Amino acid sequence: MRFNLGFFLGEAFKNIRLNLLMSITAVTTTFICILVLGVGLLVSSHVEGVIGSVREDVSVEVFMPGRGQEEMAALEEKAKGWEEVASVNRVSEDEALASFKDTFEEQPEIYENLDRGVLPASLQIQLTDPDLANSVAGKLEAEGYDEENLSYPQQTIERLNSVTSYMIWGLYAATVLFLIASVLLISNAIRLSIFARRKEIEVMKLVGASDGFVRTPFVLEGLIQGLLGAGLAALTVVWLNFLFVDWSRQELTFVPIAADAVNTVSILLILIVVGVAIGVVGSFLSVTRFLRKI
Amino acid sequence: MIRFSNVTKVYGRDTVALERLNLEIDQGEFVFLVGPSGSGKSTLVRLMIKEMEPSAGAIFVNGTKLSSVSRRHIPQLRRGIGCVFQDFKLLPNKTAAENVAYAMEVTGQRRRVIKTKVPQILDLVGLSGKMDKFPEMLSGGEQQRVSIARAFVSQPPILVADEPTGNLDPNTSVGIMQLLHRINRTGTTVVVATHDREMVDVMRKRVVALDEGRIVRDKVKGAYADEV
Ligand SMILES: Nc1ncnc2c1ncn2[C@@H]1O[C@H](COP(=O)(O)OP(=O)(O)O)[C@@H](O)[C@H]1O
Ligand SMILES: [Mg+2]
């Protein structure tokens with residue numbers, strides 16, 4: 001049989017118009033569910049991004065205020081010989097100031113009165129494995145550099161690991177729950193609208209319409225509603241992400257939040273696909289279940 | 001064309017609507033099914049379009065045994081039987097023309113064919129001026145004409161009407177009966193379930209009388225009741 005898309009689309013849009021209140025409910029439900037799902041995805045992407053960038057930074061930094069070039073060179077040579085060490089990088093006072101200025105580029109008032117020499121020179125020791133930071137720190141202390149001149153992220157990582165792994169799992173669980181809730185909510189909205197039209201469906205069947213013929217406009221309706229709700233939600237999520245990244249650049253300078261932690265295009269696609277799938281599957285199942293009863 | 005062979009229909013545990021009923025209707029016949037309310041007329045019609053299954057016995061329509069028609073093929077069966085009901089069963093959100101067109105859409109007819117056929121058939125039932133009216137804007141008689149147009153537009157070999165004049169006044173009823181008669185003259189088998197005594201007596205067609213689920217009389221050129 002010919003598939004008359006024009007006819008079915010016309011029917012679907014007419015149904016949406018005639019049951020406007022029900023359609024708005026379905027679109028709003030989809031919007032809210034997809035929005036929550038999207039925000040969940042955003043948060044977990046950013047948290048993963050932050051953890052990733054902290055982890056990459058597996059280094060121990062030794063500040064060497066008032067120590068001469070030779071002493072630095074000697075320590076550099078020694079450290080290069082340790083098996084835990086991947087590489088050593090010397091940072092002069094000038095470089096330290098330059099990178100500080102870089103970090104606070106947008107707040108010149110912080111660094112404009114800084115003199116050269118306030119920020120000490122240092123050695124950045126890259127490790128082969130972040131778990132070795134403690135043992136390297138111990139060796140440095142044995143060399144006569146006390147704890148307060150050492151900076152290493154071991155504690156940070158441990159704390160981050162325990163907190164964030166719970167957070168991420170919590171987020172995933174919440175996301176799954178919301179997904180289930182949204183499928184239920186949306187298929188319920190669709191079921192209500194089908195129930196409101198049960199007489200019509202019975203008449204269609206009496207006139208000789210096949211199940212597929214009756215079902216198609218409903219499925220298209222679910223698709224349109226899903227697309228609309230999820231599309232709006234996805235755009236909102238992307239917009240929220242821009243706002244957040246912008247805000248964090250100004251207010252959370254020390255947290256390494258990166259705009260590219262979130263792949264905007266794939267988030268858009270995922271959210272829209274999920275929304276459309278919920279609309280299509282929800283309406284398909286609801287109509288099919290109803291058709292089986294008559 | 002239509003054959004009921006020893007058909008029994010029991011609703012629930014013990015409501016016997018039809019009991020070992022045998023009936024044969026030939027192609028091109030015009031048949032009245034008469035009988036008091038509750039005698040089983042609607043049950044017979046609903047069995048014919050496989051809205052439900054008989055409790056026992058076999059039904060043949062257009063040479064097909066209904067029990068062998070799968071769920072998936074019921075639509076094809078129904079496209080071969082135009083149906084008209086007491087409550088019209090029009091789609092409320094569609095105009096007269098769209099209601100008729102729907103019966104053609106379900107068979108996958110081309111838009112062009114539908115566009116020419118629908119006005120013709122509405123003209124035939126005397127509604128050419130009301131094509132774009134919604135059912136609620138039409139009188140009962142007009143709604144029934146739309147529903148007859150819908151039942152007949154694909155020219156099915158059989159047309160069944162269950163109390164088509166049940167909700168209409170006598171004058172309007174005459175018009176509806178004439179319409180059904182005209183459709184019969186095109187070669188379509190027409191079965192009308194009714195308890196409209198006058199109508200049956202005037203038309204002088206075959207009358208099958210039911211009572212408590214059994215055929216009590218079957219007479220060519222009959223009347224509603226036995227003539228004395
Ligand atoms: N869906 C149903 N469930 C139970 N009993 C029914 C149902 N439909 C009809 N009946 C019973 O079957 C008998 C025949 O009904 P029906 O075929 O509607 O008669 P008619 O159309 O001649 O008035 C009646 O006793 C009626 O009460
Ligand atoms: Mg009846």
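A quick note: this is a predicted structure, and the numbers were derived from the prediction, not measured. Proteins get letters first, then strands, A, B, ... in listed order; numbering begins at 1 in each.
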**Study point:** Contacting moiety of B:Gln76, where chain A heavy atoms sit under 4.5 Å
**Key:** neither

**Study point:** Lys/Arg N to Asp/Glu carboxylate O, B:Asp162 vs B:Arg46, below 4.0 Å
**Key:** no

**Study point:** Region of A:Glu202 in contact with chain B, defined by heavy-atom distances below 4.5 Å
**Key:** neither

Check your understanding: Is a side-chain donor or acceptor of A:Asn19 paired with a backbone partner of A:Asn15 at a separation under 3.5 angstrom?
Key -> yes

**Study point:** Atom group of A:Leu18 that falls short of 4.5 Å from chain B, counting heavy atoms
**Key:** side chain

Exercise for review: Look at A:Val214, A:Asp211, A:Leu206 and state which one has the largest set of heavy-atom pairs under 4.5 Å with chain B.
Suggested key: A:Leu206

Practice item. Please confirm whether A:Arg215 makes a cation-pi placement over A:Phe284, using NZ or CZ under 6.0 Å from the six-membered ring centre and within 45° of the ring normal. Key: yes

Review point. Between B:Lys133 and B:Glu136, is there a salt bridge with N-O shorter than 4.0 Å?
Key: no

Check your understanding: Considering only heavy atoms, which portion of A:Lys14 lies under 4.5 Å from any heavy atom of chain B: side chain, backbone, both, or neither?
Key -> side chain

Review point. B:Arg71 versus chain A, heavy atoms under 4.5 Å apart: side chain, backbone, both or neither?
Key: side chain

**Study point:** B:Lys94/A:Glu11 under salt bridge (Lys or Arg N to Asp or Glu O under 4.0 Å): CA gap, chis, key distance, verdict
**Key:** CA-CA 10 Å; B:Lys94 290 188 185 299; A:Glu11 292 287 293; 2.6 Å; yes

